[in-house]
There are 2 protein chains.
Amino acid sequence: MNPGSDVTLRDVARASGCSVSTVSRVLSGSRPVGADAARRVREAAERLGYRPNQVARALRSRSTATVGLVLPQITNPFYPALVRELTHVLDERGRAVLLADCDDDPGTEAARIEALLARQVDALLVVPVDEERSRTAVAAAAGRVPLVLLDRSCGPGIADLVAVDNTAGMALVLDHLAARGRTRPCYIGADGTNSAAAERRAAYEVGAAALGAPPRLALGDFSAAWGRAAVDRLWNRESGPEPDALVCGNDLIALGALQRLRQLGVDVPGRTVVTGFDDIPPADLADPAVTTVRQPVRDIAVEAVRLLEQRLDDPAAFPCRTVRLAPQLVIRASTEPGDHPAHGTGDTAPSAPGPTGGTAPAPRSPDSPSASHSSKAAQ
Amino acid sequence: MNPGSDVTLRDVARASGCSVSTVSRVLSGSRPVGADAARRVREAAERLGYRPNQVARALRSRSTATVGLVLPQITNPFYPALVRELTHVLDERGRAVLLADCDDDPGTEAARIEALLARQVDALLVVPVDEERSRTAVAAAAGRVPLVLLDRSCGPGIADLVAVDNTAGMALVLDHLAARGRTRPCYIGADGTNSAAAERRAAYEVGAAALGAPPRLALGDFSAAWGRAAVDRLWNRESGPEPDALVCGNDLIALGALQRLRQLGVDVPGRTVVTGFDDIPPADLADPAVTTVRQPVRDIAVEAVRLLEQRLDDPAAFPCRTVRLAPQLVIRASTEPGDHPAHGTGDTAPSAPGPTGGTAPAPRSPDSPSASHSSKAAQ
DNA sequence: TTGAAAGCGCTAACAT
DNA sequence: ATGTTAGCGCTTTCAA
């Protein structure tokens with residue numbers, strides 16, 4: 001009924017008249033093997049429906065070909081695309097992914113990391129919950145296996161990091177607004193304690209100041225609910241002049257803000273424009289569709305795996321590296337009237353073609369001794 | 001620097017003055033052990049920072065405490081919530097999750113399943129890509145390990161299945177429309193070859209007929225793009241009378257349809273109402289927010305894991321079982337004018353309180369010898 | 001209750 | 001180029 005269920009190397013060896021080592025060598029290609037022996041082995045393996053037991057292989061070779069992927073909250077709509085790319089890239093290299101969700105809790109995160117290490121993952125990919133409160137667990141884990149941080153940092157010198165260049169992304173947004181003559185922007189973001197929140201907020205402050213805009217921030221969390229609440233606050237109270245641009249820290253906030261603005265009857269993009277960050281799937285389903293900063297998700301995945309495998313080859317070869325990838329501004333109807341007439345998917349202007357770097361001298365911490373690469377793939 | 005990296009059972013044995021077997025028994029609790037020996041062992045283990053090597057354990061005990069989760073496309077916004085619940089439920093029981101994404105391709109799916117089996121997963125959770133083209137691989141896998149299908153079937157008698165009761169869900173929608181006096185509904189769905197698509201479509205047909213509505217279907221795929229296209233087709237051509245209700249096969253379609261209706265200036269819910277299915281996160285970010293059928297995601301996860309563990313305990317105990325969980329209608333502004341005034345998250349009416357079963361005698365195939373349970377958790 | 005010993009299925013030395 | 005032999009770290013007989 002199910003051939004191959006418990007066929008072992010020894011069975012193949014017997015059936016092919018070779019020794020187990022020869023069979024092992026043929027099947028794992030670790031050493032040169034005689035042509036006809038190889039053929040006989042392959043035949044026998046095929047015939048018996050042999051499939052190597054990866055657990056046994058792992059125990060002996062001290063490598064599970066498995067990496068742990070630790071996410072703060074998989075329900076954050078930015079992560080599914082990242083997971084997709086990572087699993088594909090890793091799968092191509094024969095590696096499997098053990099997934100862990102942390103419910104946005106550093107304690108849970110520490111526990112999950114522990115569990116993954118006990119399962120002997122070869123390496124870890126971590127999007128840390130919090131810049132500070134994740135540090136201990138992440139640092140400890142990084143001492144045991146190669147570990148690459150994704151999307152968010154965890155303090156300098158802890159581990160390799162691959163993330164979008166938040167500073168450059170914010171600069172793209174501000175340039176876009178400036179070109180459209182917006183002079184009273186307000187930032188709706190998160191005061192969250194993860195690094196992406198901090199970077200975007202800081203980049204906005206610096207960039208807006210450079211443009212001569214009044215420094216105005218509304219800080220809550222990265223949710224649509226906060227987007228709605230922030231609009232209520234900005235429009236219903238005596239909180240200064242009405243903004244003519246809402247620069248949102250991520251797309252969820254932008255979506256929530258847009259929803260409330262429409263309910264209040266505020267014309268977008270006429271009276272105020274709205275921008276997001278990340279380019280999550282629903283961003284172009286809103287009405288108007290949201291102008292946003294697209295993260296180079298595929299590149300992030302490729303880059304992260306590259307760093308990981310370098311560490312696997314030689315764990316001590318480099319000091320901690322930070323790779324910043326250039327984002328792309330996706331202009332949609334929330335900042336550009338009349339545009340994007342029908343086929344809602346319409347992204348308009350690709351931008352930021354070249355290396356990143358941004359307009360503003362933003363807070364890129366002196367993360368590591370090594371360079372802070374940029375541009376599409378930092379080779 | 002990193003205690004516990006290579007502390008083994010033998011080290012603990014030496015340090016505690018016991019034999020490895022005693023240590024093993026203490027730590028895995030497999031057999032009664034003397035009180036003070038136990039204490040000494042625990043102390044030593046603690047002190048050395050010992051953590052059991054799960055790979056070695058797995059090799060010996062023939063159980064990896066790992067399940068494979070195979071998804072058609074993790075970027076489908078319905079799955080992240082499911083993944084979240086599953087990982088949490090499994091984690092509570094000490095099991096880890098190996099995740100695989102199939103890119104909606106049955107060939108890839110077969111390969112991923114093979115890879116997971118080679119890694120000796122104890123069991124598989126699969127959302128099959130296609131009702132027919134996934135069958136061979138799924139059936140083969142089900143012959144090797146316990147396998148539970150989620151969300152979509154794969155033909156009768158192949159494996160256990162846990163899914164929402166699509167028929168009941170569609171009945172909730174149709175009742176809701178009928179109560180609002182809508183008489184010219186149109187179904188915008190998918191002619192896709194997965195079972196959820198087929199069930200929803202069939203349930204609509206049967207239910208709409210029962211209400212005396214003209215049978216009208218527009219079939220494409222489960223995407224927002226198709227929602228837009230379908231609306232174009234229904235409004236721009238001479239394709240019969242203008243519908244006063246769009247019953248969409250999932251939320252993405254509904255979101256796309258809504259977007260286009262707004263662009264065409266069609267008032268929702270005044271001139272036509274729109275409903276979705278699944279209740280994915282962006283459904284309540286649209287404007288108007290989408291009335292939809294919420295899947296009991298948590299229950300699906302709990303139920304699936306329950307079935308899995310039963311099979312693990314005794315693989316041949318039962319024939320294939322199908323568990324159908326009752327959905328809930330979430331009424332929002334796309335069918336209910338004036339409602340849901342400000343705080344967009346506002347879900348309105350919980351419904352479908354009791355057992356499921358629906359209005360229409362829909363195509364619930366004679367799946368298995370065993371019963372087709374229903375209601376919230378089929379105990 | 002505890003210990004000694006035999007493997008789980010494979011790979012990696014070490015021989016030849 | 002191939003075979004023989006030890007284990008990887010753990011659980012589990014089997015004795016005591």
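The chains referred to below are lettered A, B, ... by the order of the sequence lines, with proteins before strands, and numbering in each begins at 1. Side chains included, hydrogens not; waters and symmetry mates left out as well; all remaining heavy atoms used.
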Problem - No-hydrogen, no-angle side-chain donor-acceptor test under 3.5 Å, B:Asp103 and B:Thr108 - result: no
Distance-only donor-acceptor test (3.5 Å): side chain B:Ser21, base C:dA4:
yes
In whole angstroms, the gap separating P of C:dG9 from CG of A:Asp11 amounts to 9 Å
Would you indicate what B:Thr8 reaches in the nucleic acid, counting non-hydrogen atoms under 4.0 angstrom: base, sugar-phosphate, or nothing? sugar-phosphate
From CZ of B:Arg31 across to C1' of D:dA15 the rounded distance in Å is 13 Å
Do B:Asp101 and A:Thr87 pair up side chain to side chain, a donor and an acceptor below 3.5 Å, judged on atom types alone?
no
Rounded to whole Å, CZ of B:Arg10 lies from P of D:dG9 at a distance of 10 Å
note: A:Arg39, atom CZ; D:dA1, atom P; distance rounded to Å ~ 17 Å
When rounded to whole Å, the CG to C1' distance for the pair A:Leu27 and C:dG9 reads 13 Å
- Does the side chain to side chain contact (heavy atoms under 4.5 Å, CB included) test come out yes or no for B:Leu9 and B:Leu27, once each step is laid out? CA-CA 10 Å; B:Leu9 209 52; B:Leu27 267 35; 4.2 Å; yes
Just to be sure I understand the rule, does B:Thr22 reach a base, reach only the sugar-phosphate, or reach nothing, if contact means heavy atoms closer than 4.0 Å? sugar-phosphate
Against the side chain of A:Cys18, the closest entry in C:dT1, D:dG3, D:dT11 is D:dG3
The answer to which of B:Gly34 and A:Asn53 contacts DNA chain C further toward the 5' end, by nearest nucleotide, is B:Gly34
Considering only heavy side-chain atoms of B:Ser30, the closest of D:dT2, C:dT1, D:dT12 is D:dT12
- Task: Taking atom CD of A:Glu92 as the centre, report whether more than 12 heavy atoms of other residues, nucleotides or ligands fall under 6.0 Å from it.
- Result: yes
* Asked: What about A:Arg25: does its side chain form a donor-acceptor pair under 3.5 Å with the base of D:dG3?
  -> yes
Exercise. Taking only N and O in the side chain of A:Arg62, is any of them less than 4.0 Å away from OP1 or OP2 of D:dC8?
Worked result: no
Comparing nearest nucleotides in DNA chain D, the 5'-proximal residue of the pair B:Val23, A:Asp36 is A:Asp36
**Request:** Describe the nucleic acid contact of B:Ala37 in one word from base, sugar-phosphate, nothing, applying a heavy-atom distance below 4.0 Å.
**Result:** sugar-phosphate
field: Polar pair under 3.5 Å, donor/acceptor by atom type, side chain A:Arg60, base C:dG9
entry: no
Quiz item: So, the side chain of A:Ser134 versus the backbone of A:Glu131: is there a donor-acceptor pair under 3.5 Å, distance only?
Solution: no
From CZ of A:Arg51 across to P of C:dG9 the rounded distance in Å is 15 Å
Among side-chain atoms of A:Ser21 and A:Ser19, is any donor-acceptor pair under 3.5 angstrom? yes
Whole-Å distance, A:Gln54 CD to C:dT11 P, equals 8 Å
B:Leu9 atom CG is separated from C:dA4 atom P, nearest whole Å, by 14 Å
Residue pair B:Ser19/A:Val20 against DNA chain C: nearer the 5' end by closest nucleotide is B:Ser19
- Phosphate-side-chain proximity, B:Ser24 and D:dT11, N/O vs OP1/OP2 below 4.0 Å: yes
